[in-house]
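Here is the structure we will look at, set down as structure tokens.
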Amino acid sequence: MQRYIMRRALQGVVTLFAVTLFIFFFGRLIGNPLDLMLPDDATPEEFQHATEALGLDKPIHQQLYMFYVAALRGDLGRSVRYNRPVTQIFMERFPNTLRLAPVSMAIAFALAIPLGVLAAFFRGRLPDRLATLGAVLGMAIPHFWLGIVLIYLFAVTWDLLPPSGMGGPSHYVLPAATIGTGYAAGLMRLLRSSMLEVMGSDYVRTARSKGLKNSTVLLRHTMRNAVIPVFTLAGVLLAHAIAGALVTETVFAWPGVGRLTYEAVINRDYPLLQGVVMIAAIFVLVINLGVDVLYAYIDPRIRYT
Amino acid sequence: MRYPKLAVALFLGAITLAAMSCGPAATPTPTLAPTPTPAPTATPTVPPAPTATPTATPILPTPTPTPTLKPGEPPKPTPTPTPTSPPVPTATPQPIATPTATPTARPIPTATATPTQVAVRPKGELKQAIQSFGHQHFDPVREERGNSSHYQAPIYDSLIGSNVDTGQMAPGIAERWEFLSDGLTWRFYVRKGMKWHNGDPVTANDVAFSMERFKEKGAIAGGDIRQYQVKSNVIDEYTVELKTNVVYTYFGSTMSRSVGDQGTIMPKKYIEAVGADKFAQEPVGNGPWKFKKSVSGVMVQFDAWDQHWLARPNYELYTLVLIPEESTRMAALRTGALGIAMIEPDSISETRSSGMRLITNRGTMQSTYYIWGTYDPRYKDGPLANVKVREALSLAINRPEIVKYVMEGEGAIPLPYGVFRYSLDIDLAKWEKWSQQAMGYDPARAKQLMAEAGYPNGFKLCYYNLALPGTSFQIRVGEATAGYWKAAGIDVDLRAIEWGLFSPMRREHDASSGAQKVLSGCISNMRSAGRPTTLTRSHDALTFTGSERVAGSPETMTAEAKEIDRLYKAAFAAIDPQERARKTDAALEYMNSLWLIAPVVEGANFWAVNPKLVGEFKGIPGRGELADISPLIPRPDQKAWK
């Protein structure tokens with residue numbers, strides 16, 4: 001087991017290196033931050049000075065080396081736009097995303113598990129078709145559009161919930177529902193497929209032939225095994241939610257990591273973009289590793305391969 | 001693991017509970033209970049005493065008295081003389097003239113605005129959403145005007161202020177100022193009794209210190225102060241002279257918030273004590289609002305300050321929040337989560353139909369187009385090099401339709417490029433008449449001109465359609481413009497491009513011709529910000545020394561570029577106001593005759609206001625933001641400020 005964890009951790013380090021390398025080079029394709037930072041009538045000397053001040057005059061490989069050396073010390077540089085340490089800005093936003101992500105996941109599970117089970121249990125019948133239709137809609141509707149519709153219905157028309165921003169529990173409902181319904185669609189479809197696969201297996205047939213009640217077969221024998229792939233997907237989705245739901249956070253003016261990433265891109269804030277992506281990647285890798293470990297723990301077949 | 005379901009449920013449940021429990025408490029929406037109208041306590045302001053010396057030639061008009069405040073009425077800024085300061089040249093490296101005049105004072109009598117206090121206790125929160133923050137720097141030298149005005153102007157005053165009625169200059173930290181006859185020196189009289197938010201007095205030393213800060217290496221704002229090597233001379237505690245290295249007749253304008261942020265004055269003693277970094281984190285100014293807190297990319301908050309010379313805010317708290325999505329801003333406004341929201345023209349009809357109030361800050365910009373590189377050898381024989389074709393392009397645009405449908409009727413037919421209805425040194429009646437004729441829609445004449453130029457069947461035209469930051473409606477203006485050109489028989493190759501990618505293309509010059517490498521032979525959208533200084537923007541665009549070089553370059557010195565250089569320099573160097581007005585007119589006439597740049601529509605900035613949370617007020621001409629009038633914005637229970 002330890003060897004398995006070590007192997008996955010090493011893979012994570014390689015992935016992190018690849019991600020940072022990618023974002024370092026491709027992030028620079030979005031343009032020069034000085035074009036947005038300096039006034040239109042800035043002189044060539046002012047451009048040069050600002051370029052030097054940001055270290056953008058150095059060869060790209062030297063900038064990359066400096067980035068890695070500083071990152072190993074925990075220094076991800078200063079935001080070009082805000083002139084503040086990237087880690088400081090990230091840590092202002094991260095707790096907000098961390099609060100929203102589990103609520104979104106809870107909504108996703110609350111929708112996906114009953115609907116997935118129902119769809120599998122009533123395969124080919126009306127509940128299955130309705131649940132499948134819901135899942136297709138959930139996957140097809142863009143978060144951006146859904147968020148705006150929810151705002152107009154629940155905030156503007158019915159005045160039930162706040163339209164945007166962070167605050168008390170009611171502020172979580174709309175953004176979490178927007179994220180959660182999208183996640184629920186995928187989870188529900190996977191749970192349904194997995195349930196159907198397990199329901200057709202020999203041991204379930206055996207359980208039924210023993211005369212066990214449907215509910216016992218479903219909950220004790222089918223669900224337990226069917227949930228394993230769902231659990232894996234949930235881990236990926238949780239990591240995604242923590243890395244920042246960019247669109248949803250922008251629509252709902254939720255001051256989280258997703259909106260920070262959006263700001264970093266539109267402002268060409270290389271250090272901020274690199275830092276946010278790097279930290280988010282670390283979280284994704286750690287969560288995935290955690291899920292893999294739990295997965296191995298749950299399924300002995302993985303542990304012993 | 002025997003119970004995987006249980007483990008999963010416990011894991012998710014624990015995270016959910018933890019997250020919910022550590023969420024912040026709900027932020028209550030401020031409820032603004034009506035308050036009785038207070039007794040009239042405002043002190044009537046006294047008309048300012050003229051300060052001119054007997055021998056002085058007044059350049060600025062005599063100020064008019066400030067109207068007496070009525071009970072419950074927020075104070076209006078003291079009416080000001082509208083200093084007819086000329087535009088600020090921003091890209092003329094060569095000295096315009098070598099002054100030899102003896103510096104005999106030519107004092108400019110200006111208004112002495114009396115501090116007015118309103119005995120109405122500030123209360124409630126004024127919450128305003130904007131679509132984009134700038135860098136959210138609070139050190140004025142670290143960020144140029146743009147979005148920074150939203151959050152810097154509430155904290156800091158300018159050396160010369162802004163007349164919120166006319167969009168022109170008004171007293172600020174300087175209660176009056178003089179332009180000395182040497183053509184180089186400006187003498188400013190600092191208002192006595194002003195304090196910084198930490199209690200220190202505002203003095204002439206702060207003015208001199210601020211000028212030096214703008215000249216520091218690495219400063220982003222203050223380009224004119226560096227270019228004209230402004231030197232400060234503190235005469236006494238409340239008098240300071242600022243001297244430019246060449247004749248710079250528009251220096252006064254540069255120091256006004258109506259034009260830019262270079263006149264922002266900072267506290268010398270505080271900055272020297274705490275250092276620039278701490279100052280940026282915990283700024284101290286002397287504006288009507290005190291900095292409270294800032295969260296990068298999220299919000300900025302201010303507390304009312306009751307010792308400002310002009311007005312005490314009606315609200316206790318002023319919060320600027322960033323909501324990038326327009327629909328969300330409107331929803332938040334309609335539900336009462338916001339008092340004021342910045343909107344685009346698209347949302348004007350929703351604003352009206354939903355019972356919200358529309359505030360239009362008129363004349364904040366012109367959406368224009370530039371014709372690039374007509375002197376480039378690759379294109380100098382092309383259609384765009386022909387002035388008849390260029391005029392035809394303008395005549396083919398139906399501007400009234402653009403005003404009506406794109407701007408929802410809230411725009412205006414433009415005056416010449418960079419000229420607004422509050423611009424200085426212009427004959428407004430003359431240019432209004434010009435606008436009616438030259439900016440008219442005449443497709444038949446356009447076709448005739450194209451035929452005369454040898455293009456009866458049109459030609460192929462590349463057109464970069466883009467919006468500058470903060471005015472996304474320019475995309476729709478561009479689409480409409482392209483549509484009219486297509487209707488005139490021109491084969492338009494419409495290229496949508498983002499400003500960040502387009503902007504550097506203006507600076508990429510061909511080594512031999514000096515024209516833009518990529519843009520030459522094409523047309524693109526551009527913009528002129530609303531400023532009272534008449535010639536500055538067109539000078540920046542047309543002069544061969546600038547980055548845009550629309551009329552010529554140092555490598556390709558066209559006859560047009562030489563004439564522009566001559567005419568603009570003459571206007572900038574004219575110290576006498578009447579002479580300057582004549583020369584400004586001449587420069588404008590020549591610029592218009594070239595048709596290298598044409599304004600399409602005069603735009604505005606729009607704010608939707610929830611009338612249940614915010615009282616009635618008006619917008620500022622030429623200024624997109626509301627920061628300068630934010631202390632004057634009334635609560636719903638107070639009398640309208642109009």
Task: Minimal non-hydrogen separation, Gly134(B) against Tyr82(A), with atom names - done: O-CE2, 4.2 Å
TODO: Would you give the length of the straight line joining atom CD1 of Ile220(B) to atom CG of Leu34(A), rounded to the nearest 0.5 angstrom?
DONE: 8.5 Å
TODO: Sort Tyr152(A) into side chain, backbone, both or neither according to what part of it lies under 4.5 angstrom from a heavy atom of chain B.
DONE: side chain
Open item on the list: Out of Pro255(A), Pro163(A), Ala253(A), return the one with the most heavy atom pairs under 4.5 angstrom to chain B.
Closed with: Pro163(A)
Task: Nearest-0.5 Å distance, CD of residue Gln136(B) to CG of residue Asn83(A) - done: 12.5 Å
- [ ] Kindly give the heavy-atom pair with the smallest separation between Glu263(A) and Leu322(B), and that separation in Å.
- [x] OE2-CD2, 4.2 Å
Open item on the list: Can a donor-acceptor pair be found, under 3.5 Å and without considering hydrogens, that links the side chain of Thr328(B) to the backbone of Val251(A)?
Closed with: yes
Open item on the list: If I take atom OG from residue Ser164(A) and atom CG from residue Leu333(B), how far apart are they, to the nearest 0.5 angstrom?
Closed with: 10.5 Å
Open item on the list: Counting heavy-atom pairs under 4.5 Å with chain A, which one of Pro469(B), Ala332(B), Ala129(B) comes out on top?
Closed with: Ala332(B)
Open item on the list: Using every non-hydrogen atom in the two residues, find where Leu501(B) and Arg268(A) come nearest and quote the distance to one decimal.
Closed with: N-NH2, 3.1 Å
Task: Gap separating the NE2 atom of His137(B) from the CZ atom of Arg81(A), nearest 0.5 angstrom - done: 9.0 Å
Open item on the list: Which atoms of Ala50(A) are under 4.5 Å from chain B, going by heavy atoms: the side chain, the backbone, both sets, or neither?
Closed with: neither
Task: Minimum-distance pair of heavy atoms, taken over all atoms of Ile148(A) and Glu325(B) - done: CD1-OE2, 3.9 Å
Open item on the list: Let me confirm one number: the OG-CG distance from Ser296(B) to Leu260(A), rounded to the nearest 0.5 Å.
Closed with: 9.0 Å
Open item on the list: Quick check on Glu498(B) against chain A: is it the side chain, the backbone, both or neither that has a heavy atom closer than 4.5 Å?
Closed with: side chain
- [ ] Against chain A, label Arg142(B) side chain, backbone, both or neither, depending on which of its atoms sit under 4.5 Å from a heavy atom there.
- [x] side chain
Open item on the list: Let's test your reading of the structure: which of Glu92(A), Arg259(A), Arg84(A), Gln88(A) forms the most heavy-atom pairs below 4.5 Å with chain B?
Closed with: Arg259(A)
TODO: Taking the side chain as every heavy atom from C-beta outward, state whether Val298(B) and Arg93(A) have any pair of such atoms under 4.5 Å apart.
DONE: yes
